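Beneath this line is the structure, given in structure tokens, with notes to follow.
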Protein chains: 2
Amino acid sequence: MDTQQAYRELARLCKVLAHPTRLQILDILRRGDECVCHISAVTGKRQAYISQQLMILRAAGLVAACREGLNVFYKLTDPAVLPLLEEYLGKADERHRPEQCRCPKCTGTLSESPCSERR
Amino acid sequence: MDTQQAYRELARLCKVLAHPTRLQILDILRRGDECVCHISAVTGKRQAYISQQLMILRAAGLVAACREGLNVFYKLTDPAVLPLLEEYLGKADERHRPEQCRCPKCTGTLSESPCSERR
DNA sequence: ATTCAATATTCCGAATACTGAATGTAGTAT
DNA sequence: ATACTACATTCAGTATTCGGAATATTGAAT
């Protein structure tokens, strides 16, 4: 009875996805890698809270972190969630650019592709 | 800001899916409509517990019930979950047929297509 | 009307998750 | 060394969920 294991694993994945803020983070990251402060600015949530949710996503293997100087950039690591997001949230359009964001990507002071950014 | 609503709704759906027994029920139903006692037999869980989970699935609009004499048959109503199940659980193979099941479908005493069974 | 079988609902203690506040860590600059 | 910035972790109170037990409802048969 190994299918039980499959149910448990899929349930664990769904549990991680069953959270509006975490979904929004994934939605942000499918537009490109972003640092914590940018995610915080886009969502309007405090940094500590975002860090918490990122930890959960990281533990589930959905995202990975890599440090770039002072900032930590996150990227999607599980390509299987992309079709799910597309089906329910639509195609990813352009990147968000909040007013008050001071991250290197938003201010244009990025020191060339952070941690081998995809595409 | 209507995307927040989309995140909330998708999160609500994922929350319903984030449960091994409920996933197994959906996995059973994608092989065809089944009555509660059959689901109970396949999963090995008590009837009351299955009814509980079915209520949650029903409230989420994922399944619908229809009575056929003494039995109540359940069917999938949201076709959007099928690709998700296929991606993570594989193609649905043949129907389960537990030894101790006394449901009309298993004993072959079904009075012609219950509630307009699909296919 | 009574009984039975199939299913549905309610209740409750235990476990788990959520979320804000406070604090800790790591890298950079002076 | 100190200060600062960006991020991570821990803690605690609250809310929610889990899963079993008991009970209710519904339809069929006698």
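Chain letters run A, B, ... following the sequence lines, proteins first, then strands; residues in each count from 1. Since the model is a prediction, treat every value here as computed from it, not as a measurement.
- The nearest whole Å value for the distance from the CG atom in Leu70(A) to the P atom in dG27(C) is 10 Å.
- Heavy-atom minimum distance, Cys101(B) versus Thr107(B): O-CG2, 4.2 Å.
- Considering only heavy atoms from C-beta on, Gln4(B) comes within 4.5 Å of Gln24(A) through its side chain.
- His38(B) has no side-chain polar atom (N or O) that falls below the 4.0 Å cut-off from OP1 or OP2 of dA6(C).
- A salt bridge does not link Glu94(A) with Arg31(A): none of the charged nitrogens is closer than 4.0 Å to a carboxylate oxygen.
- One can place CD of Gln53(B) at 16 Å from P of dT7(C), the figure rounded to the nearest angstrom.
- Across the protein-nucleic acid pair, Ile56(A) atom CD1 and dT19(C) atom C1' stand 10 Å apart, rounded to whole Å.
- A salt bridge links Glu34(B) with Lys105(B); the closest basic N to acidic carboxylate O contact falls under 4.0 Å.
- Heavy-atom minimum distance, Pro104(A) versus Asn71(A): CG-ND2, 3.3 Å.
- Extent of DNA chain D lying under 4.0 Å from chain A heavy atoms, first and last nucleotide in 5' to 3' order, is dT5(D) to dT10(D).
- Whole-Å rounding puts the Asn71(A) CG to dA26(C) P distance at 17 Å.
- Nucleic acid contact for Cys35(A): sugar-phosphate only, since backbone atoms but no base atoms lie under 4.0 Å from a heavy atom of the residue.
- If you check the side chains of Asp33(A) and Tyr74(A), you find no donor sitting under 3.5 Å from an acceptor.
- Annotation: salt bridge (charged side-chain N to carboxylate O under 4.0 Å, His left out) contacts involving residues 11-24 of chain A, sequence neighbours excluded, are absent.
- Among all heavy-atom pairs drawn from Ser40(B) and Gln47(B), the shortest one is OG-N, 3.7 Å.
- One interatomic measurement links the two molecules: NZ of Lys45(B) to C1' of dA6(C), which rounds to 20 Å at whole-angstrom precision.
- Of the listed residues (Leu23(A), Val81(A), Leu62(A)), just one forms a side chain to side chain contact (heavy atoms under 4.5 Å, CB included) with Val16(A), and that residue is Leu62(A).
- Projected onto DNA chain C by closest heavy-atom contact, Val36(B) and Gly69(A) fall at different nucleotides, the more 5' of which corresponds to Val36(B).
- Distance CZ (Arg46(A)) to C1' (dT19(C)): 10 Å, rounded to an integer number of Å.
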Check the interface with nucleotides 9-17 of chain C: list each N/O to N/O pair with the protein under 3.5 Å, or write none.
unit_1, atom_1, unit_2, atom_2, d
dT10(C), O4, Gln52(B), OE1, 2.9

